[in-house]
Amino acid sequence: MSSSSSSSSSCCTLLIGLLCVVLLGGSLSHAQLSPTFYDSTCPNASNIVRGIIAEALKTDARIGGSLIRLHFHDCFVNGCDGSLLLNNSATIQSEKEAPPNNNSVRGFGVVDNIKTALETACPATVSCADILAIAAEESVSLAGGPSWNVSLGRRDSTTANRTAAGVFLPAPTEALSVLKAKFLAVGLNSTDLVALSGAHTFGRAQCFTFSNRLYNFSGSGNPDPTLNTTYLSTLQGICPQNGDPTVVTNLDLTTPDVFDNKYFSNLQALEGLLQSDQELFSTTGDETVAIVNNFTANQTAFFASFVVSMINMGNISPLTGTAGEIRLNCGKVNNSTGSDGLLYSSM
């Protein structure tokens with residue numbers, strides 16, 4: 001799918017606009033985070049997070065994919081600051097209700113359970129932003145993927161940015177040129193884009209995120225030509241026209257709950273679920289095609305790149321030092337109104 005000159009022009013306009021927002025809205029500076037940040041104050045933090053996720057997996061096989069997505073959607077909006085977890089209040093418009101997140105992001109109850117356990121073990125110590133970073137790593141590890149030393153020390157924001165969530169978050173229906181622009185705007189390159197997209201090797205997606213490919217792709221009156229016809233028939237059975245848009249199916253039809261490199265071989269077989277997935281392989285002549293081919297042939301290379309890219313993403317504009325706060329409740333800022341003691345992230 002070669003980009004037309006008009007789409008290239010619009011991409012340039014988008015890129016300039018995104019970069020301007022970044023430059024005006026805050027730097028991409030990577031403050032000093034450290035894997036040993038909680039070694040003396042909460043040495044068992046990662047084990048606590050892992051235990052709660054392992055328990056959640058017993059009844060919710062897709063929770064790992066949901067949790068890593070929370071970290072992704074947090075970091076792409078004003079940096080990795082836990083702002084995604086804040087609920088509506090008198091002063092906050094929750095990012096949860098931005099179009100890319102509304103009725104889509106999930107896993108807040110597990111985050112609440114983690115926060116409750118950490119507050120018991122180490123009161124007022126581990127930030128909600130760091131919980132998302134640790135949960136992402138533990139989710140990957142528990143699914144058979146790589147482990148890494150998560151850099152820690154982020155603090156939590158006291159604000160959210162619903163508007164930015166609608167602008168910065170990549171959408172499943174976007175062309176590769178737009179996806180690359182959105183990644184570049186937060187300091188991530190094409191290798192980061194392909195590696196992080198590999199997180200779609202586990203988890204689920206709702207029909208509305210890919211139904212644009214099944215019947216009338218880009219107004220053509222026909223399905224997406226880069227979709228394997230057998231797979232197309234399967235997906236049309238799961239997501240009929242005018243059917244329930246919230247029905248879910250596996251992001252990886254081969255090994256849906258295992259973190260491996262099968263996502264990339266799926267792309268080679270034209271069996272990527274989302275348009276944004278398949279674009280990585282089917283955009284003729286783009287550098288991402290060679291990266292997909294490399295990751296298909298070499299799972300070790302994928303894992304190594306994925307770890308680097310997760311660390312890069314986790315370094316996007318964190319609050320550190322005395323900036324922000326350590327939220328006692330991930331769904332609301334400290335000292336806000338309401339004293340019922342409930343955790344609000346679950347919504």
Side-chain angles (χ1 to χ4, degrees), residues 24-27 29-34 37-46 48-49 52 67 70-98 101-102 105-136 150-166 168-169 314-347:
L24 293 173
S27 76
S29 60
H30 299 166
Q32 286 299 109
L33 302 177
S34 168
F37 188 81
Y38 296 115
D39 278 9
S40 61
T41 56
C42 196
N44 206 33
S46 293
I48 290 171
V49 174
I52 291 172
L67 290 171
L70 289 180
H71 184 43
F72 183 106
H73 282 221
D74 182 43
C75 290
F76 264 64
V77 181
N78 289 12
C80 310
D81 60 1
S83 60
L84 173 60
L85 303 175
L86 288 171
N87 289 323
N88 287 323
S89 72
T91 58
I92 289 171
Q93 286 192 320
S94 177
E95 293 171 18
K96 296 176 184 178
E97 295 184 14
N101 293 328
N102 197 31
V105 287
R106 64 189 295 275
F108 299 110
V110 174
V111 173
D112 289 344
N113 292 341
I114 293 169
K115 183 60 173 173
T116 298
L118 288 171
E119 285 301 309
T120 299
C122 324
T125 300
V126 181
S127 69
C128 299
D130 276 347
I131 286 174
L132 294 183
I134 298 169
V150 180
S151 296
L152 301 167
R154 301 168 191 80
R155 289 169 64 84
D156 297 321
S157 70
T158 56
T159 61
N161 194 334
R162 184 185 297 175
T163 300
F168 279 94
L169 289 172
N315 280 336
I316 298 173
S317 305
L319 299 174
T320 59
T322 57
E325 64 183 17
I326 305 299
R327 267 184 241 144
L328 304 180
N329 176 326
C330 291
K332 62 177 184 176
V333 299
N334 295 341
N335 301 318
S336 60
T337 56
S339 58
D340 55 17
L342 295 176
L343 290 170
Y344 290 87
S345 296
S346 303
M347 233 159 89

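For clarity, every value in this text was computed on a predicted model and none was experimentally measured.
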Between [X] and [Y] (side chain of the first, backbone of the second, donor and acceptor by atom type, cut-off under 3.5 Å), is there such a pair?
| X | Y | value |
| --- | --- | --- |
| S127 | R154 | yes |
| D156 | G82 | no |
| D74 | S83 | yes |
| S94 | L86 | yes |
| N334 | L328 | yes |
| R155 | A323 | yes |

* **Distance (rounded to the nearest 0.5 Å) between C330 SG and D112 CG** =>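 Nearest 0.5 Å value for the SG-CG distance: 6.5 Å.
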* From S157 atom OG to D81 atom CG, the distance as rounded to the nearest 0.5 Å ->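 It comes to 4.0 Å.
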* **Donor on one side chain, acceptor on other, R327 and T158, under 3.5 Å** =>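 No, T158 and R327 have no side-chain donor paired with an acceptor closer than 3.5 Å.
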* Is any side-chain heavy atom of S46 closer than 4.5 Å to a side-chain heavy atom of V150? -> no
* **E119: partners by side chain to side chain donor-acceptor pair (under 3.5 Å), with sequence neighbours left out** =>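 Counting only residues at least two positions away or on another chain, E119 forms a side chain to side chain donor-acceptor pair (under 3.5 Å) with K115.
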* Which of these passes side-chain contact (heavy atoms from CB on, under 4.5 Å) with L85: N329, I131, L132? ->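 Answer after filtering N329, I131, L132: L132.
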* **Closest non-hydrogen atom pair, N88 against E97** =>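 In terms of heavy atoms, the two residues are closest at ND2-OE2, 2.6 Å.
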* To do: Could you tell me which non-hydrogen atom of L118 sits nearest to which non-hydrogen atom of C42, and how far apart they are?
  =>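 Minimum heavy-atom separation between L118 and C42: CD2-SG, 4.2 Å.
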